[in-house]
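These notes are about the structure you will find just below.
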Amino acid sequence: MYRVSFVIQYENRENLEKYASLIASSGYNGIEIGIKDPRVINHGEIEDIISRFNLSVPALGTGRAFTEDKVSLSDNNEMIRMDAIERLKAHIDLASKFSSMVIVGLIRGNTSNDGDINLVRDALRDICKYGNSKGVRVLLEPINRYEVNWLNTVEDTYNFIKDSGLSNTGLLIDTFHMNIEEPSIASSIFRFRDLVWHVHIADSNRLSPGMGHIDFKDIFRVLSVIDYNGFISAELINKPSVESSITQTMKYLKGIL
Ligand code: LER
Ligand code: MN
(Lines give C-alpha, C1' and ligand atoms only; values in the text may rest on other atoms or scores of the structure.)
(Ligands and ions follow the chains in the order given, each with its own letter.)
Protein backbone atom coordinates (compact mmCIF):
# COMPACT_ATOMS: atom_id res chain seq x y z
CA MET A 1 0.00 0.00 0.00
CA TYR A 2 1.17 3.51 -0.79
CA ARG A 3 1.75 5.98 1.99
CA VAL A 4 -1.38 8.09 2.20
CA SER A 5 -2.06 11.56 3.53
CA PHE A 6 -4.97 13.96 3.82
CA VAL A 7 -4.97 17.70 3.02
CA ILE A 8 -6.05 20.07 5.77
CA GLN A 9 -6.19 23.86 5.65
CA TYR A 10 -4.47 25.36 8.67
CA GLU A 11 -6.70 27.77 10.59
CA ASN A 12 -5.40 27.57 14.13
CA ARG A 13 -3.79 25.23 16.62
CA GLU A 14 -7.10 23.67 17.68
CA ASN A 15 -8.26 22.74 14.19
CA LEU A 16 -4.89 21.25 13.25
CA GLU A 17 -4.81 19.23 16.45
CA LYS A 18 -8.36 17.92 15.99
CA TYR A 19 -7.84 16.80 12.38
CA ALA A 20 -4.31 15.46 12.94
CA SER A 21 -5.70 13.25 15.67
CA LEU A 22 -8.44 11.81 13.43
CA ILE A 23 -6.10 11.46 10.43
CA ALA A 24 -3.58 9.51 12.52
CA SER A 25 -6.17 7.27 14.18
CA SER A 26 -7.81 6.53 10.80
CA GLY A 27 -4.58 4.98 9.53
CA TYR A 28 -3.04 7.72 7.37
CA ASN A 29 0.73 8.13 7.35
CA GLY A 30 0.71 11.84 6.76
CA ILE A 31 -1.05 15.17 6.82
CA GLU A 32 -0.59 17.77 4.11
CA ILE A 33 -1.09 21.30 5.39
CA GLY A 34 -2.32 24.31 3.41
CA ILE A 35 -0.92 27.51 4.93
CA LYS A 36 -1.89 30.97 3.73
CA ASP A 37 0.98 32.91 5.31
CA PRO A 38 3.62 30.98 7.26
CA ARG A 39 5.23 34.22 8.48
CA VAL A 40 2.42 34.88 10.92
CA ILE A 41 1.96 31.47 12.54
CA ASN A 42 3.82 29.61 15.25
CA HIS A 43 6.04 26.98 13.61
CA GLY A 44 6.92 25.36 16.95
CA GLU A 45 3.24 24.69 17.67
CA ILE A 46 2.82 22.93 14.32
CA GLU A 47 5.97 20.86 14.85
CA ASP A 48 4.71 19.89 18.26
CA ILE A 49 1.33 18.64 16.96
CA ILE A 50 2.85 16.74 14.03
CA SER A 51 5.37 14.92 16.20
CA ARG A 52 2.76 14.12 18.87
CA PHE A 53 0.62 12.27 16.32
CA ASN A 54 3.67 10.77 14.59
CA LEU A 55 2.59 11.97 11.14
CA SER A 56 4.69 12.82 8.09
CA VAL A 57 4.08 16.06 6.22
CA PRO A 58 4.71 15.22 2.56
CA ALA A 59 3.97 18.73 1.28
CA LEU A 60 2.84 22.22 2.25
CA GLY A 61 0.12 23.93 0.19
CA THR A 62 0.33 27.64 -0.63
CA GLY A 63 -2.67 28.43 -2.86
CA ARG A 64 -4.69 30.42 -0.34
CA ALA A 65 -2.16 33.26 -0.68
CA PHE A 66 -3.74 33.72 -4.14
CA THR A 67 -7.38 32.76 -3.54
CA GLU A 68 -7.77 34.70 -0.28
CA ASP A 69 -5.07 37.43 -0.40
CA LYS A 70 -4.68 37.81 -4.21
CA VAL A 71 -0.92 37.45 -3.87
CA SER A 72 0.90 35.77 -6.77
CA LEU A 73 4.26 35.30 -8.48
CA SER A 74 2.99 36.85 -11.71
CA ASP A 75 1.59 40.09 -10.30
CA ASN A 76 2.91 43.16 -12.12
CA ASN A 77 3.15 45.01 -8.83
CA GLU A 78 6.60 44.24 -7.49
CA MET A 79 5.54 44.58 -3.84
CA ILE A 80 2.86 41.92 -4.30
CA ARG A 81 5.26 39.65 -6.17
CA MET A 82 7.84 40.04 -3.40
CA ASP A 83 5.14 39.16 -0.88
CA ALA A 84 4.51 35.90 -2.78
CA ILE A 85 8.25 35.11 -2.92
CA GLU A 86 8.76 35.86 0.77
CA ARG A 87 5.79 33.69 1.71
CA LEU A 88 7.12 30.80 -0.34
CA LYS A 89 10.52 31.13 1.31
CA ALA A 90 8.78 30.99 4.69
CA HIS A 91 6.96 27.85 3.49
CA ILE A 92 10.39 26.43 2.64
CA ASP A 93 11.68 27.27 6.14
CA LEU A 94 8.78 25.38 7.70
CA ALA A 95 9.03 22.54 5.15
CA SER A 96 12.69 22.02 6.04
CA LYS A 97 11.60 20.96 9.55
CA PHE A 98 9.44 18.12 8.16
CA SER A 99 11.35 17.12 4.99
CA SER A 100 8.27 18.37 3.11
CA MET A 101 8.04 19.65 -0.41
CA VAL A 102 6.47 23.06 -1.15
CA ILE A 103 3.64 23.32 -3.67
CA VAL A 104 3.47 26.05 -6.30
CA GLY A 105 -0.05 25.80 -7.63
CA LEU A 106 -2.43 28.74 -7.71
CA ILE A 107 0.19 31.07 -6.21
CA ARG A 108 1.78 31.34 -9.66
CA GLY A 109 -1.29 33.44 -10.64
CA ASN A 110 -2.59 34.15 -14.13
CA THR A 111 -0.37 35.34 -16.98
CA SER A 112 -1.27 37.29 -20.11
CA ASN A 113 2.07 37.62 -21.94
CA ASP A 114 5.69 36.42 -22.06
CA GLY A 115 6.67 39.19 -19.65
CA ASP A 116 4.38 37.74 -16.96
CA ILE A 117 5.73 34.25 -17.59
CA ASN A 118 9.29 35.52 -17.24
CA LEU A 119 8.41 37.12 -13.91
CA VAL A 120 7.26 33.73 -12.62
CA ARG A 121 10.31 31.98 -14.09
CA ASP A 122 12.69 34.41 -12.35
CA ALA A 123 10.77 34.14 -9.08
CA LEU A 124 10.84 30.35 -9.24
CA ARG A 125 14.59 30.32 -9.90
CA ASP A 126 15.06 32.41 -6.77
CA ILE A 127 12.69 30.20 -4.73
CA CYS A 128 14.28 26.97 -5.97
CA LYS A 129 17.75 28.26 -5.13
CA TYR A 130 16.52 29.01 -1.62
CA GLY A 131 14.90 25.56 -1.47
CA ASN A 132 18.19 23.98 -2.52
CA SER A 133 20.02 25.72 0.28
CA LYS A 134 17.50 24.30 2.77
CA GLY A 135 17.22 20.83 1.20
CA VAL A 136 13.58 21.46 0.20
CA ARG A 137 12.11 20.44 -3.15
CA VAL A 138 9.43 22.41 -4.99
CA LEU A 139 6.34 20.99 -6.72
CA LEU A 140 4.71 22.67 -9.68
CA GLU A 141 1.08 21.60 -10.04
CA PRO A 142 -0.80 21.58 -13.36
CA ILE A 143 -4.20 23.12 -12.51
CA ASN A 144 -7.30 23.11 -14.66
CA ARG A 145 -8.26 26.05 -16.89
CA TYR A 146 -11.20 27.15 -14.72
CA GLU A 147 -8.89 28.00 -11.79
CA VAL A 148 -5.83 29.47 -13.52
CA ASN A 149 -5.06 30.33 -17.15
CA TRP A 150 -1.71 28.61 -17.77
CA LEU A 151 0.21 25.42 -16.99
CA ASN A 152 -3.08 23.50 -17.17
CA THR A 153 -1.70 20.26 -18.58
CA VAL A 154 1.00 17.94 -17.32
CA GLU A 155 2.88 18.33 -20.60
CA ASP A 156 2.97 22.15 -20.44
CA THR A 157 4.09 22.09 -16.83
CA TYR A 158 6.74 19.45 -17.49
CA ASN A 159 8.11 21.50 -20.40
CA PHE A 160 8.10 24.68 -18.33
CA ILE A 161 10.18 22.99 -15.61
CA LYS A 162 12.67 21.57 -18.12
CA ASP A 163 12.91 24.74 -20.25
CA SER A 164 13.43 26.90 -17.16
CA GLY A 165 16.20 24.65 -15.82
CA LEU A 166 14.55 24.33 -12.39
CA SER A 167 16.67 21.55 -10.91
CA ASN A 168 14.90 20.76 -7.62
CA THR A 169 11.38 21.09 -9.03
CA GLY A 170 9.03 18.26 -9.95
CA LEU A 171 5.36 17.70 -10.74
CA LEU A 172 2.43 17.45 -8.39
CA ILE A 173 -0.25 15.70 -10.39
CA ASP A 174 -3.85 16.00 -9.23
CA THR A 175 -6.49 13.57 -10.53
CA PHE A 176 -9.23 16.23 -10.39
CA HIS A 177 -7.34 18.58 -12.72
CA MET A 178 -6.12 15.73 -14.93
CA ASN A 179 -9.67 14.49 -15.42
CA ILE A 180 -10.46 17.87 -17.01
CA GLU A 181 -7.25 18.50 -18.98
CA GLU A 182 -5.54 15.23 -19.94
CA PRO A 183 -6.42 13.06 -22.93
CA SER A 184 -5.70 10.05 -20.72
CA ILE A 185 -4.72 10.31 -17.05
CA ALA A 186 -2.76 7.04 -17.12
CA SER A 187 -0.85 7.90 -20.32
CA SER A 188 0.17 11.32 -19.00
CA ILE A 189 1.42 9.81 -15.75
CA PHE A 190 3.47 7.30 -17.72
CA ARG A 191 4.81 9.82 -20.22
CA PHE A 192 6.01 12.36 -17.67
CA ARG A 193 6.93 9.80 -14.99
CA ASP A 194 10.46 11.06 -14.35
CA LEU A 195 9.06 14.21 -12.69
CA VAL A 196 6.01 12.74 -10.90
CA TRP A 197 7.03 13.50 -7.31
CA HIS A 198 3.67 13.87 -5.59
CA VAL A 199 0.03 12.92 -6.21
CA HIS A 200 -3.25 14.54 -5.16
CA ILE A 201 -6.35 12.43 -5.44
CA ALA A 202 -9.97 13.52 -5.62
CA ASP A 203 -12.78 12.21 -7.73
CA SER A 204 -14.18 13.98 -10.83
CA ASN A 205 -16.35 16.22 -8.62
CA ARG A 206 -13.57 16.85 -6.00
CA LEU A 207 -15.41 14.59 -3.56
CA SER A 208 -13.80 11.51 -1.98
CA PRO A 209 -12.45 8.91 -4.39
CA GLY A 210 -15.29 6.55 -5.31
CA MET A 211 -17.92 9.30 -5.31
CA GLY A 212 -17.40 10.31 -8.96
CA HIS A 213 -16.35 8.62 -12.17
CA ILE A 214 -12.53 8.57 -12.17
CA ASP A 215 -11.02 5.10 -12.66
CA PHE A 216 -8.65 4.94 -9.67
CA LYS A 217 -7.72 1.31 -10.32
CA ASP A 218 -6.20 2.40 -13.62
CA ILE A 219 -4.33 5.26 -11.92
CA PHE A 220 -2.89 3.06 -9.15
CA ARG A 221 -1.93 0.47 -11.76
CA VAL A 222 0.16 2.98 -13.72
CA LEU A 223 1.66 4.45 -10.53
CA SER A 224 2.83 0.96 -9.68
CA VAL A 225 4.22 0.48 -13.21
CA ILE A 226 6.36 3.62 -12.81
CA ASP A 227 7.44 2.51 -9.30
CA TYR A 228 5.96 5.62 -7.71
CA ASN A 229 7.02 5.63 -4.07
CA GLY A 230 5.72 8.97 -2.83
CA PHE A 231 2.53 9.85 -1.00
CA ILE A 232 -1.06 9.68 -2.26
CA SER A 233 -2.68 12.73 -0.76
CA ALA A 234 -6.45 13.27 -0.69
CA GLU A 235 -7.40 16.88 -1.46
CA LEU A 236 -11.17 17.14 -1.34
CA ILE A 237 -14.28 19.20 -1.01
CA ASN A 238 -15.07 17.85 2.41
CA LYS A 239 -18.80 17.19 2.25
CA PRO A 240 -20.73 16.72 4.42
CA SER A 241 -17.80 17.22 6.81
CA VAL A 242 -14.00 16.97 7.08
CA GLU A 243 -14.46 14.03 9.45
CA SER A 244 -16.64 12.09 7.02
CA SER A 245 -14.17 12.69 4.15
CA ILE A 246 -11.24 11.46 6.25
CA THR A 247 -12.97 8.19 7.16
CA GLN A 248 -14.70 7.64 3.80
CA THR A 249 -11.46 8.13 1.83
CA MET A 250 -9.49 5.71 4.01
CA LYS A 251 -12.24 3.12 3.68
CA TYR A 252 -12.16 3.42 -0.12
CA LEU A 253 -8.34 3.33 -0.31
CA LYS A 254 -8.13 0.23 1.89
CA GLY A 255 -10.52 -1.49 -0.47
CA ILE A 256 -8.65 -0.60 -3.64
CA LEU A 257 -4.92 -0.45 -2.73
C1 LER B 1 -4.25 22.76 -5.09
O2 LER B 1 -3.48 21.61 -4.86
C3 LER B 1 -5.28 22.51 -6.08
O4 LER B 1 -5.39 21.44 -6.61
C5 LER B 1 -6.20 23.60 -6.42
O6 LER B 1 -7.29 23.14 -7.13
C7 LER B 1 -6.63 24.32 -5.19
O8 LER B 1 -7.96 24.56 -5.14
MN1 MN C 1 -4.15 19.72 -5.95
Side-chain angles (χ1 to χ4, degrees), residues 1-8 23-24 26-32 34 55-61 99-101 103-105 137-147 151-162 168-239 244-257:
M1 175 139 161
Y2 294 100
R3 288 172 296 166
V4 291
S5 58
F6 194 94
V7 178
I8 288 295
I23 286 167
S26 304
Y28 291 85
N29 313 93
I31 180 169
E32 188 177 312
L55 288 164
S56 297
V57 182
L60 296 180
S99 306
S100 311
M101 295 179 280
I103 300 170
V104 174
R137 294 187 292 163
V138 173
L139 295 164
L140 199 52
E141 181 180 35
I143 289 181
N144 79 75
R145 69 190 73 182
Y146 305 108
E147 294 183 50
L151 302 184
N152 307 120
T153 65
V154 180
E155 180 170 16
D156 282 357
T157 314
Y158 180 96
N159 289 338
F160 179 81
I161 293 169
K162 293 282 184 188
N168 59 334
T169 303
L171 292 166
L172 157 56
I173 56 167
D174 181 319
T175 59
F176 173 78
H177 302 306
M178 293 178 94
N179 177 61
I180 296 169
E181 298 290 348
E182 303 303 315
S184 152
I185 299 181
S187 307
S188 297
I189 292 174
F190 187 76
R191 233 179 117 198
F192 301 105
R193 62 192 175 281
D194 63 302
L195 283 187
V196 174
W197 291 0
H198 191 43
V199 177
H200 277 167
I201 54 166
D203 219 318
S204 47
N205 41 18
R206 260 262 184 259
L207 297 176
S208 292
M211 299 182 85
H213 54 71
I214 290 180
D215 183 351
F216 284 98
K217 275 203 178 117
D218 195 38
I219 292 171
F220 292 129
R221 183 192 53 74
V222 74
L223 287 173
S224 132
V225 168
I226 68 166
D227 282 330
Y228 177 72
N229 63 8
F231 273 79
I232 304 285
S233 207
E235 182 188 47
L236 310 171
I237 291 176
N238 295 309
K239 274 189 187 163
S244 67
S245 289
I246 292 171
T247 47
Q248 160 73 24
T249 300
M250 181 48 78
K251 192 168 158 217
Y252 179 83
L253 291 175
K254 277 188 175 150
I256 193 176
L257 286 176

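Remember, it's a predicted structure, so these values are computed and weren't measured experimentally. Side-chain atoms are counted along with the backbone in the values below, which use heavy atoms only and exclude waters and symmetry mates.
The closest donor-acceptor contact from the side chain of T249 to the backbone of I246 lies at 3.5 Å or more, if one exists at all. When atom types are taken as modelled, the side chain of N205 and the backbone of M211 share a donor-acceptor pair closer than 3.5 angstrom. With hydrogens and angles ignored, the 3.5 Å screen pairs no side-chain donor or acceptor of S233 with any backbone N or O of H200. The backbone N or O of L60 sits nowhere less than 3.5 Å from a side-chain atom of S100 that would complete a donor-acceptor pair. Using modelled atom types, no side-chain atom of E181 and backbone atom of V154 make a donor-acceptor pair closer than 3.5 Å. Side-chain atoms of R191 never come within 3.5 Å of backbone atoms of S188 as a donor-acceptor pair (strictly under, hydrogens ignored). Side chain of R206 to backbone of E235: a donor-acceptor contact under 3.5 angstrom is found.
For the residue pair Q248 and S208, no side-chain donor N or O sits within less than 3.5 Å of a side-chain acceptor on the partner.
Taking all atoms of both residues into account, the shortest heavy-atom contact from L139 to A59 is CD1-CB, 4.2 Å. The shortest heavy-atom contact between I161 and G170 is CD1-O, 3.7 Å.
Note: N152 CG to E147 CD = 10.0 Å, rounded to the nearest 0.5 Å. The distance from atom CG of D215 to atom CZ of R221, rounded to the nearest 0.5 Å, is 8.5 Å. Rounded to the nearest 0.5 Å, atoms CD1 (I8) and CG (N238) are 6.5 Å apart. E32 contributes atom CD, which lies 4.0 Å from atom CD1 of I103 (distance to the nearest 0.5 angstrom).
Classified by interplanar angle (parallel below 30°, tilted 30° to 60°, perpendicular above 60°), the ring pair F6/Y28 is perpendicular. Taking the six-membered ring for Trp and thresholds of 30 and 60 degrees, Y252 and F216 have ring planes more than 60 degrees apart, a perpendicular arrangement.
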Decide yes or no on side chain to side chain contact (heavy atoms under 4.5 Å, CB included) for D174 and I143, but give the supporting numbers first. CA-CA 8 Å; D174 181 319; I143 289 181; over 6 Å; no
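With contacts defined as side-chain heavy-atom distances shorter than 4.5 Å, the pair Y228/H198 qualifies. Within the 4.5 Å cutoff, no side-chain heavy atoms of V225 are placed close to those of R193. Residues M178 and I219 form no side-chain contact, since every pair of their non-hydrogen atoms from C-beta on lies 4.5 Å or further apart. A heavy-atom distance below 4.5 Å is not found between the side chains of I237 and S245. Side-chain contact between I189 and E182 is absent, with no heavy-atom pair separated by less than 4.5 Å. In this structure the side chain of F160 never reaches within 4.5 angstrom of the side chain of T169, judged on heavy atoms. The closest side-chain heavy-atom distance from S224 to Y2 is below 4.5 Å. At least one side-chain heavy atom of I214 sits less than 4.5 Å from a side-chain heavy atom of S204.
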